[in-house]
Protein chains: 2
Amino acid sequence: MDRVRIYDATLRDGTQGEGMSLSVEDKLLIVGRLDDVGIDYIEGGFPGSNPKDREFFELMRKQPPKHSKLVAFGSTRRARVKASDDPGLRAIAQSGAPAAAIFGKTWGLHVREVLRTSLENNLNMIEDSVAFLKAAGLEVVYDAEHFFDGYRDSAEYALETLKAAARGGADWLVLCDTNGGTLTWDVVQAVGDVMANVGTPVGIHAHNDSGLGAANSLAAVRCGATQVHGTINGYGERCGNADLCTIVPTLELKMNKRCLPEGGLHKLTELSLYVAEIANQALNETSPYVGKSAFAHKGGMHVDAIQKNPLSYEHVDPKRVGNRRRVLLSELSGRSLILDKAREYAPGVNKDSHEIRRLFDELGERELQGYLFEGAEGSFQLMLMKAFGKHEELFHRVGFRIIVDKDIEGRVTSEATIKIGLGDRQVHTAAEGGGPVDALDTALRKALREFYPEIRNIHLTDYKVRVLEGADGTASKVRVLMESTDGQTLWGTVGVSENIIEASWQALVDSLEYGLLYKKARNGNAGK
Amino acid sequence: MDRVRIYDATLRDGTQGEGMSLSVEDKLLIVGRLDDVGIDYIEGGFPGSNPKDREFFELMRKQPPKHSKLVAFGSTRRARVKASDDPGLRAIAQSGAPAAAIFGKTWGLHVREVLRTSLENNLNMIEDSVAFLKAAGLEVVYDAEHFFDGYRDSAEYALETLKAAARGGADWLVLCDTNGGTLTWDVVQAVGDVMANVGTPVGIHAHNDSGLGAANSLAAVRCGATQVHGTINGYGERCGNADLCTIVPTLELKMNKRCLPEGGLHKLTELSLYVAEIANQALNETSPYVGKSAFAHKGGMHVDAIQKNPLSYEHVDPKRVGNRRRVLLSELSGRSLILDKAREYAPGVNKDSHEIRRLFDELGERELQGYLFEGAEGSFQLMLMKAFGKHEELFHRVGFRIIVDKDIEGRVTSEATIKIGLGDRQVHTAAEGGGPVDALDTALRKALREFYPEIRNIHLTDYKVRVLEGADGTASKVRVLMESTDGQTLWGTVGVSENIIEASWQALVDSLEYGLLYKKARNGNAGK
């Protein structure tokens, strides 16, 4: 199996994305995980550009990654400075990183308008800069910025820039589609021409501005490129860089290329989640291979077929990338699915069992009312527990009151009071909040805290409101979906009512019941 | 310029996406917008499958789209039933839609395991079913399900199924990559083979499971396909369908194909936002062409270069797809757009006018807070009226209180009290409602009724809640969008707050102000 080297640019190019910013600590955590998965190269930052990146390289010197090669990033020397006097190149040479990536200009437009120098001097800048870093003992990746735009403008000059880098001793020539606008067949043509004219190994660095980041990277590999640049989850400026979480599985599973060490591919879904978490980015649920919905099936017909033969509606086995198949509970799915889930509680149950029939009726009725269990596995599990007598109530006999007040000066306040029975005691308490649901959430947690101290580990991570039957205006029903975590797992819960407070209350109570009781019930079962 | 027909599957295949569900009312709104942009075909749903889709086709019969062709979807006849007796095909023929799309099996695996019939009978099913719909006078699109998987299994049989559809009289043969797993060069090979062997026009229906939805669609067009299926924003099962918002601009701007009528491409960004709002889906900010970040520049170097020459870091001009360049940290754009709208109130105004600059600042600030004027033309017009002194207040000095009470028996009640100044009077009243927002709406109308009797003609037609910054749970900000009508026109209004009641209040007040005052102001102007 041929080897393709994977080059991660999340820490540098990835942070050019809108809303992306990583602390030094964040970067160290991400390096640890990339190293563990077995990424070949990790682009750490510009050691010459700012104190944050300098600190990062200092820390990395003390604990270099085990598998991955750390790469210091920068550009070719300035137009009128010797390479050995260029502060950026010197900082790279002194960074302690075993590899460097420097970008240079391919496109006449940029040489003239951005660098304001001659085409000839640009070639010297490329050759000198690479040679300086090679002499300093580094592996050198030459990034040909705007390669495909430059190639379209003048194929001859574009190839000259690559040859200059090769003369300087570059280990890799990486063709960058910096604006992300190149079409796949133009990538194929240009990479083919480069392979025929230059002997140095070639890489591809694609962006996603035309939605072709993955396609262009794969096409370049098919034409002979052996290094692929990208970022985890496709983070990056504008529409992002090519997404390694999409490209690596296709290379390994469909193109017979080896990218990661044995076992690395299985860690990909976890890597995607981890980096999103550290970078504080919302997950893209529909991402190929690693998204939450990537192997989720909804249509009744598909669900039947999937159960007959997974190949029929799945292009790869989700387990190979550490993801899993999810059959969504919806109006379209049937009794056999519920049965599968029920067997967890009552192994001997069959589809004519009394409990299953009742559960099925209840599910149908709730869906008619507007409940949607496909994002609310927590609420569904509680229904199952109730059906099989495994459920216990968190509290009983509850009452609450919410007051939202807007005074004549425009100030708005929200207060909730709550009264609940806990065992033989009654707790009556109150709290304020940013809005009515927040006040209710705060008051409920306050009431339960003494009995369930572990409630402090449970947090809401998402809160969604969907108005059903919009045509009734503000008297419409609403569906509330909440997502919660205890730091180890995620679960969703649902509530439906004409009253948004009541709908939120249902989802909130399910969230806490599931978080506090379900694990206990499961552990209890597991112990038997 | 060659013509490529665009086939939108948002209403049917799009709703297979996790968390996607559209009411009949939602579908009608989306059809109106797709028609306006100039999409050729709109797949409406399965008329034979459920009452919701039947109702939709009934309504469409009364008001068919002006430009687009409505398509009724279904499958080939059952294995042992005559086409003319097949209830699904009969429902399509009777739906009133001028075109039909039916899918049939290409892949032996599916014929045997899913249909449980012979390869020979499958060919008859395809031919008969197409012929039946042609005889009923419909344009027929034949969707070859799993075409590429089937072709890999047996190219010969895959071509036989297309020939059967052609014999039945199909107008289009659409090659579906149902599992989304096919690589671009395999699409090229198969489409080339089909073009060489079958005379009927060919289409492509791609999914995004390998991140190649756009690449595969474009490659098929390059090989001769002249119809492209996809959905707005790429909604659809698993990783979604091919995204028309990515594909159409590339076809028009880079491949010299005409897809939309003159002016259609400019409406694309607005279409993407509109469908997301109606479907209550979070926007993907990094979507090619139409995403909020698609032309957002962050890196200092890039920003400099962009200002020297936009071509240097932009693959196309954002205006061509109705999007705009955003230079992050220093908002510079948008002024000319506001100017256009402001000229309605003050014809002589220019971009350096004091009012325009202030308006621009206010708009920028409100957008930062989470306001979105895309679906809220009413609120935007009120801002303009205020800026040009054309606005009068409906009432002044308001205070309200809302009480939601859940008693120990589980009964939930909502009451609103409200105190407003109307001229020199003060009105203090109260009302109950199905939920807190409904109670507030009812109380406000009650207070205003005597002064503005025409308020009875104004009704809310839609109410949507979007939680912003989901990661803060119930303390997140929410954006409320309301849509209202006076029986003659529709308008949208928006409110944003941490408190859902306050956000709803803002949208509600804007809705009534716009409904009661805007027409008066406009009529006043028109009368001069």
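Keep in mind that this is a model prediction, so the values were computed, not measured.
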Sub-4.5 Å side-chain heavy-atom contact between A:H146 and B:Y313: yes
Toward chain B, the part of A:I403 with a non-hydrogen atom under 4.5 Å: both
Please look at B:D149 and chain A and tell me whether the side chain, the backbone, both or neither of the residue comes under 4.5 angstrom of a heavy atom of that chain. neither
Test side chain to side chain contact (heavy atoms under 4.5 Å, CB included), reference A:V404, set B:I500, B:V404, B:I402, output is B:I402
To check you understand the geometry: which heavy-atom pair defines the closest contact between B:K254 and A:S210, and what is its length? NZ-OG, 3.2 Å
Residue part contacting chain A, namely of B:T15, when any heavy atom lies under 4.5 Å: backbone
When rounded to the nearest 0.5 angstrom, what is the spacing between OG1 in A:T246 and CG in B:L212? 8.5 Å
Where does A:K464 contact chain B at under 4.5 Å (heavy atoms): side chain, backbone, both or neither? backbone
Chain A: which of B:G410, B:G433, B:A219, B:P436 shares the most heavy-atom pairs with it under 4.5 Å? B:P436
Taking the six-membered ring for Trp, are the ring centroids of B:H315 and A:F148 within less than 6.0 Å of each other? no
Residues A:D209 and B:P288: closest non-hydrogen pair is O-CB, 3.3 Å
Chain A interface, residue from B:T184, B:V412, B:V398 that has the most non-hydrogen pairs under 4.5 Å: B:V398
Heavy-atom closest pair, residues A:E498 and B:G434: OE1-CA, 3.1 Å
Check whether A:E502 gets within reach of chain B through its side chain, its backbone, both or neither, counting any heavy atom under 4.5 Å. side chain
Once rounded to the nearest 0.5 Å, what's the spacing between atom CZ of A:R401 and atom CG of B:D405? 4.5 Å
Is chain A contacted by the side chain of B:I278, its backbone, both, or neither, given a heavy-atom distance below 4.5 Å? backbone
Can you name the residues that form a side-chain contact (heavy atoms from CB on, under 4.5 Å) with A:E483, not counting sequence neighbours? A:K292, A:T461, A:D462, A:L490
What closest approach, in Å, do B:M255 and A:L183 show between heavy atoms, and which atom pair accounts for it? CG-CD1, 3.8 Å
Select, from A:S484, A:G421, A:C239, A:A439, the one with the greatest count of heavy-atom pairs under 4.5 Å involving chain B. A:C239
Judged by atom type as modelled, is there a donor-acceptor pair below 3.5 Å linking the side chain of B:K406 to the main-chain atoms of A:W505? no
Structural part of B:D407 lying under 4.5 Å from a heavy atom of chain A: backbone
Which pair of non-hydrogen atoms, one from B:R238 and one from A:H297, has the smallest distance, and what is that distance? CD-CE1, 3.9 Å
Top of B:W185, B:Y289, B:W107 for chain A proximity - count of heavy-atom pairs under 4.5 angstrom: B:W185
Which pair of heavy atoms, one from A:S293 and one from B:E18, lies closest together, and at what distance? OG-OE1, 2.6 Å
Quiz: residues 413-420 of chain B side-chain donor-acceptor pairs under 3.5 angstrom, not counting sequence neighbours:
residue	atom	partner	partner atom	Å
B:S414	OG	A:N499	ND2	2.8

With chain A as the partner, which of B:N179, B:T286, B:D177 has the greatest number of non-hydrogen pairs under 4.5 Å? B:N179
Part of B:A242 lying under 4.5 Å from any heavy atom of chain A: neither
Check whether A:R222 gets within reach of chain B through its side chain, its backbone, both or neither, counting any heavy atom under 4.5 Å. side chain
Pick whichever of A:T250, A:L218, A:V480 has the most heavy-atom pairs under 4.5 Å with chain B. A:L218
